[in-house]
2 protein chains.
Amino acid sequence: MKPNARERLIEGTRQLLWERGYVGTSPTAILARSGVGQGSMYHHFDGKPDLVLAAEQRSAELMQQQIAEAFAVEGTALERITGYLGRERDVLRGCSVGRLTADPEVMADDTLRAPIREAFEVLHEHLRRTIAEGVAAGEFAGDLDVDEIASAIAAVIQGGYALARAAQAVEPFDRAIRGVLSLLRVSAPRAN
Amino acid sequence: MKPNARERLIEGTRQLLWERGYVGTSPTAILARSGVGQGSMYHHFDGKPDLVLAAEQRSAELMQQQIAEAFAVEGTALERITGYLGRERDVLRGCSVGRLTADPEVMADDTLRAPIREAFEVLHEHLRRTIAEGVAAGEFAGDLDVDEIASAIAAVIQGGYALARAAQAVEPFDRAIRGVLSLLRVSAPRAN
DNA sequence: GTCTATACTAGGATAGAC
DNA sequence: GTCTATCCTAGTATAGAC
C-alpha cells in the first residue's frame, strides 16, 4: 500500500523546502525525491507554487499538532513551556516552517506566507495563555507582559536553530533554551 | 571616482545573498546588480563560491564592527545590552549573516560557514562578558549561567527576525526584545 | 492518472576580442 | 581589466502517448 502520488509529491516537496527553501527546490528534484513522473506532478498540481503551498500547509499543520500536544499535558505553566521547548527536535535541521521565512518568494506572496504566519500565531497564542496562567498562579512575576514573553520564547527557538546551524552543533540551541527558562524561573515572585 | 569592479561585485553579491541566499543568487543577477560585465567577474574571482566567500566575509566584518561599537559605550551591563538590542535595524530585511544559516550549500562547506560561525562567536563573547560584568555588579541574579543567557539573547535577535518576517511586521521582533530584556531586569537580586 | 518526449529560459562558466 | 559571444546543463512547463 504505497501512498499515492499526490501524497508523495507533497511530502517530497515538504522535505526539500525544509532543506533548501523555495528557489532551491526544483521540480526535477521533487520528482526524484517523490519517485513519480513529470506528468503526475502537473496532473495533481498547477505548478511549483501550487505544490509548494500544499507542502507548506502540511508543515504548518504538523507544527500546530505538536504544539497542541505539548501544551495539552498536565502540569504547571513552567512545566508545559519546558516540555514544549524540550521536545525532541532535529536541531541542525531547523524548523520546517521557520525555514521559509528566509525565502523572499514566500514572504512576498500573501498566500504562500499565510501558513507560516498562522503557525506562529498558534504558537504565540499557546505560549501567551500558558504564561498568563503562570502569572495568575504566582509562578512568574506579575509585572511581565505576557505577549512580550511569548514572543521572546518563540524567538529563542527559531534563533536557537540559527545559532546551532552556524556552529554545526546542538549545544548553542540547548544553551539558549536553558537560558530563557532560567530567566523565567528566576523571575518568580520571591515567594518561591 | 566610482568604486572599482571588485568592490561593486562584493557589495552586489552581499546584498543578493542577504535577500535571496546562495542558490537564489545567480551570476547574472550579480552582474546586473553590480553593473559590471561577465568577464570582470571571472577576472577577479574564481567563480561563484569564491565571490560568495568574499561577500560573506564583508558581512561578517560589518556585523563585528557594529557589535564592537555598541558594546564599547559607557554604562551598566543592562544599558549596553539594551543598546545593542535596540540598534537601528531593518528588521524585515533580517540579518545578513544569520540569513546564510538557512543555506545548505553554505552550512555544508566549512570555508563558507566560517565567517558566519566567527561572527556569532564574537557576538556571544561580547554578550557573555557583559553579562558577567552585570552579575559581578549585582545587576543580574548571581545564579545565572552567563553562556546560557548570552545564547538566549543572541537567539532572540535571530528568531525575532523570523517572527517579524512571518508577520511582515516589526512588532514581533520588538516584543521579543522587550520580553527578554524584561526577564533580565526582573531577574535582578531583590536589592533593587 | 502516469509516463516519456519535447521546448524554452536561465544558471554557471569559458574563450577570445578590445 | 573589461566586454561580448558562446557553451552546456538544469529549471520549469507543455503535449501527447499509454
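Chain identifiers are assigned alphabetically (A, B, ...) following the order of the sequence lines, protein sequences preceding nucleic acid strands; residue numbering begins at 1 within each chain.
In the model, B:Arg175 has a side-chain atom that pairs as donor or acceptor with a side-chain atom of A:Ser151 under 3.5 Å. A donor and an acceptor atom, one from each side chain of A:Glu19 and A:Gln15, are nowhere located under 3.5 Å apart. Checked by atom type, the side-chain pair B:Thr25/B:Arg20 shows no donor-acceptor distance below 3.5 Å. Looking at A:Tyr161 and A:Arg99, their side chains never bring a donor and an acceptor atom within 3.5 Å of each other.
Dashed line: the shortest gap from a side-chain N or O of A:His43 to OP1 or OP2 of C:dC3 is not under 4.0 Å.
The distance between atom CD of B:Glu105 and atom C1' of D:dA10, rounded to the nearest whole Å, is 14 Å. Rounding to whole angstrom units, CG of residue A:Leu51 and P of D:dA13 are separated by 10 Å. The nearest whole Å value for the distance from the CG atom in A:Leu31 to the P atom in C:dC3 is 9 Å. Residue A:Ile30 contributes atom CD1, which lies 8 Å from atom P of D:dT12 at whole-angstrom precision. Across the protein-nucleic acid pair, A:Arg20 atom CZ and D:dG11 atom C1' stand 12 Å apart, rounded to whole Å. In this structure, NE2 of A:His44 is placed 17 Å from C1' of D:dA13, rounded to the nearest angstrom.
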Contact string for nucleotides 8-13 of chain C, one letter per nucleotide 5' to 3', B = base within protein heavy-atom range under 4.0 Å, S = sugar-phosphate only, - = neither, reads ---SSB
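The pair B:Arg58-B:Glu7 meets the salt-bridge criterion, since a charged nitrogen lies less than 4.0 angstrom from a carboxylate oxygen. Taking 4.0 Å as the cut-off between side-chain N and carboxylate O, B:Glu125 and B:Arg128 count as a salt-bridged pair.
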